[in-house]
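Everything on this sheet refers to the single structure shown next.
Just so it is clear, the structure is predicted and the values come from calculations on it, not from any experiment. Chain A is the first sequence line, chain B the second, and so forth, proteins listed ahead of strands; every chain is numbered from 1.
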Amino acid sequence: MRDFFIPFIQGALRSAGIETDKEIQIEKPNDKKFGDFSTNIAFLLAKELKTNPRELAGKLIGLMSFPESTVVKIEVAGPGFVNFHLDPAFVMRSAREVLVSGDSFGRRSVGEGQKAIVEYVSANPTGPLTVGRGRGGVLGDCIANLLATQGYEVTREYYFNDAGRQMQILAESVRFRYLERCGLSVEFPQTHYQGDYIRDIAETLFIEHGDELANSEGLSLFKETAEGIIFASIRKTLSRLSINHDSFFNEHTLYQSGDNGTSPNQSVIDALDAKGFISRHENATWFMTTRLGQEKDKVLIKSTGDPSYRLPDIAYHVTKFERGYSLIVNIFGADHIDEYPDVAEALKILGYDTERIRVAINQFVTTTVGGQTIKMSTRKGNADLLDDLIDEVGADATRLFFIMRSKDSHLNFDIDLAKRQSKDNPVFYLQYAHARICSLLRMASKEFGFDADAAKGDSLEVLVEPVEIELASALLDYPEVIQSCLRFLEPQKMVEYLHGIAELYHKFYQECPILKADEQMRTGRLELSICVRQVLRNGFALLGISAPESM
RNA sequence: GUGCCCGUAGCUCAAUGGAUAGAGCAUCAGCCUUCUAAGCUGAGGGUUACAGGUUCGAGUCCUGUCGGGCAUACCA
């Protein structure tokens, strides 16, 4: 809807002989007395034109003319806002687009022909997913969904490492538990994974092999078994939340030589070396980040000869560019906050355009039960598990709670609140609105033979109640909400928006009789209801929550 | 110590640099012989942690102070 105004404002600017590259901002005033839309363009230009905003605004509205029955009033208000008042019939006519576009309402083609990659979760298979990981997972998944609506060809990728030190500790942990299971007395180190799932894996091995592994020193069977079981459980947990990656990138491939005889890791070292950013001392290979103003250099290859996590991280990102992605989105937890800057610096040195990369860092999740905070740690085995959370509150509530807050804020996941099957739970509020419409349409079909699938929106224009106009106008904001979510990588704005739609619908439902109205009015209100249902459905799909037809 | 995030109603949180800072919960007062009351209407509740600055305009941007979280590894 905002786009509607742009050409007219540009036209007025041209007529006034004003050239500017300033972005024309259209906003929806909070207070309706300021019109349906407004622009602050006069403020933005007043300074460089050495005039006052009110005067400029007055001049501009004199140069704007809108088609019949679209904008009914333009006025200058306050210190220089230009406010537009729409013809309600224009709003209702426009709302037909929701019906016409259906499931693709809100879609755009701006990303057409471009590949985007979203990397999220990326937990190493050392244990079951914790609640904290879920937040990044849902955030990444929603961002991928949002990008897909804009025409991007989206890859959802999971990056993992099954070769590092943590996996070694995992294998040893399983072996200790296995030896215990064989009846041998061993001391389980505090540094190792304490969780019960280690015992379960050991039990699996014991059932399959009895105690015949007790004397072998090799760890590979322990590691492979653990990895297989844990990875399967991670993927199962994710799929419960409708998170399904289509690419799993194993860090190990970065160690293997390609066609040119060098590994991606080695290529990074060589390239950085050529630029003079590599030094070798103390038996290690260093990335000279001090040349970039940092306090210390960073180790890329340890004195053991193994790369530190930084090197494959850089090499991994190189592959994202080399695989042809024009948009690269990374979702990290706050604990990895120091990881990305070094990667970005290295990529810049190697000549890659880091502007294509967008990083979303989500803050931590604390869960509270009965007002008490649970601290989490995978190593100590007292983590609150994502699976347990889903068991308790359901997949829809889990997803919604994870994204209903800004990623920059700590999330306080109140399990008691989410568990309550009552109006306190925001997911019910949204879903109830959808179910209510479905029920209404079922009844309309039964009583009047109303065919929702055949509705074209021809009767929308008979609607004149303020709440009806407001609702239709709000529905038309949906495409812009998607763009806003992407601009800030904040799907939470969609939750807020849908909540507002649900609220307006409930109000409309309360104030306006639908099935009891005369035929024309009834049809118009049913059509508006279908529009609402469509926007809710589309929004729910982006957020990955279900749209129940009855509750 | 340094870097990043946060500090907004009793609680959990919103608010592209815009006009009188908004929702939900909780509290209080109303609305079902009427399409789903899992709903709606209304009321109370604020020096946006504090002090400066930038400008037509600051919760938002800049500087500093205080408070909380995270990170500061040859772990990932």
What form does the base of B:rC25 take, syn (within 90° of 0) or anti?
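Here B:rC25 takes the anti form, which means its glycosidic angle is more than 90° from 0.
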Suppose you measure atom [atom1] in [N] against the same atom in [M]; what distance do you get, rounded to whole Å?
N: B:rA23; M: B:rA76; atom1: C1'; answer: 39 Å
N: B:rG67; M: B:rA29; atom1: P; answer: 43 Å
N: B:rU2; M: B:rG57; atom1: P; answer: 34 Å
N: B:rU47; M: B:rA58; atom1: C1'; answer: 15 Å
N: B:rU63; M: B:rC28; atom1: P; answer: 46 Å
N: B:rG17; M: B:rA26; atom1: P; answer: 33 Å
N: B:rA14; M: B:rC5; atom1: P; answer: 15 Å
N: B:rC13; M: B:rC75; atom1: C1'; answer: 35 Å

Please work out if [X] contacts a base, only the sugar-phosphate, or nothing of the nucleic acid, heavy-atom cut-off 4.0 Å.
X: A:D31; result: base
X: A:H336; result: base
X: A:D313; result: nothing
X: A:Q431; result: nothing
X: A:S484; result: nothing
X: A:E282; result: base
X: A:C512; result: base
X: A:S122; result: nothing
X: A:K446; result: nothing
X: A:N83; result: base
X: A:M551; result: base
X: A:K298; result: nothing
X: A:A46; result: nothing

Answer yes or no: is there an ion pair linking A:K320 with A:E157, defined by an N-O contact shorter than 4.0 Å?
no
Carboxylate-amine/guanidinium contact A:R358 A:E490, below 4.0 Å:
no
Side chain of [X] only, heavy atoms from C-beta on: which candidate in [options] is closest?
X: A:E251; options: B:rC35, B:rG18, B:rA76; value: B:rA76
X: A:R405; options: B:rU12, B:rG39, B:rC75; value: B:rU12
X: A:H499; options: B:rC35, B:rC40, B:rA23; value: B:rA23
X: A:K493; options: B:rC35, B:rG39, B:rU16; value: B:rU16
X: A:E27; options: B:rC40, B:rU16, B:rC56; value: B:rU16
X: A:K302; options: B:rA73, B:rA76, B:rU34; value: B:rA76
X: A:F488; options: B:rA76, B:rA38, B:rU16; value: B:rU16
X: A:D335; options: B:rC70, B:rA19, B:rC35; value: B:rC70
X: A:K516; options: B:rU34, B:rC35, B:rA76; value: B:rU34
X: A:K507; options: B:rC40, B:rC35, B:rA14; value: B:rC40

Return whichever of A:P307 or A:E496 has its heavy-atom-nearest nucleotide of RNA chain B closer to the 5' end.
A:E496
Of A:A77 and A:I26, whose closest RNA chain B nucleotide lies nearer the 5' terminus?
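Nearest nucleotide further toward 5': that of A:I26.
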[atom1]/[X]: more than 12 non-hydrogen atoms of other groups inside 6.0 Å:
X: A:K28; atom1: NZ; value: yes
X: A:D306; atom1: CG; value: yes
X: A:R165; atom1: CZ; value: no

Can A:F34 be classed as stacking with the base of B:rA19, given a centroid separation cut-off of 5.5 Å and a plane angle cut-off of 30°?
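Yes, A:F34 stacks on the base of B:rA19.
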Stacking here means centres under 5.5 Å and planes under 30°; does A:F81 stack on B:rG18?
no
Taking atom types as they are modelled, is there a donor-acceptor pair under 3.5 Å from the base of B:rA14 to the side chain of A:S406?
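There is none.
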Counting only distance, no hydrogens or angles, is the base of B:rC74 paired donor-acceptor with the side chain of A:T304 under 3.5 Å?
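Under the 3.5 Å cut-off, the side chain and the base do not form any donor-acceptor pair.
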Could you give the [atom1]-to-[atom2] distance, from [X] to [N], as a whole number of Å?
X: A:Q510; N: B:rA38; atom1: CD; atom2: C1'; result: 13 Å
X: A:E23; N: B:rG17; atom1: CD; atom2: C1'; result: 13 Å
X: A:L300; N: B:rA76; atom1: CG; atom2: P; result: 12 Å
X: A:W286; N: B:rA73; atom1: CH2; atom2: P; result: 11 Å
X: A:K296; N: B:rU72; atom1: NZ; atom2: C1'; result: 8 Å

Nearest 0.5 Å, please: how far is CD1 in A:I269 from CZ in A:F287?
10.0 Å
Here the gap from A:L300 atom CG to A:I314 atom CD1, rounded to the nearest 0.5 Å, amounts to 5.5 Å
Identify each atom pair where a protein N or O and an N or O of nucleotides 1-6 of chain B are less than 3.5 Å apart, giving names and distance.
| unit_1 | atom_1 | unit_2 | atom_2 | d |
| --- | --- | --- | --- | --- |
| B:rC5 | O2' | A:D408 | O | 2.3 |

Short side-chain N/O contact from [X] to OP1 or OP2 of [N], under 4.0 Å:
X: A:Q166; N: B:rA73; value: no
X: A:Y429; N: B:rC40; value: yes
X: A:N30; N: B:rA19; value: yes

If the plane angle is over 60° it's perpendicular, under 30° parallel, otherwise tilted; pick one for A:Y159 and A:F249.
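Plane angle between 30° and 60°, so tilted.
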Using 30° and 60° as the class limits, which term best fits the ring planes of A:Y120 and A:H245: parallel, tilted or perpendicular?
tilted
So do [Y] and [X] actually touch side chain to side chain, heavy atoms under 4.5 Å?
X: A:L440; Y: A:L526; answer: yes
X: A:L386; Y: A:T398; answer: yes
X: A:F43; Y: A:P53; answer: yes

Ring centres under 6.0 Å, that's the criterion: do A:F4 and A:F37 meet it?
no
Any chance the rings of A:F5 and A:F84 have centres within less than 6.0 Å?
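Ring centres of A:F84 and A:F5 closer than 6.0 Å.
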Using Watson-Crick and G-U wobble pairs with both distances under 3.5 Å, what is the 5'-to-3' dot-bracket string of RNA chain B, with [ ] for crossing pairs and | for pairs outside the strand?
(((((((..((((....[...)))).(((((.......))))).....(((((..]....))))))))))))....
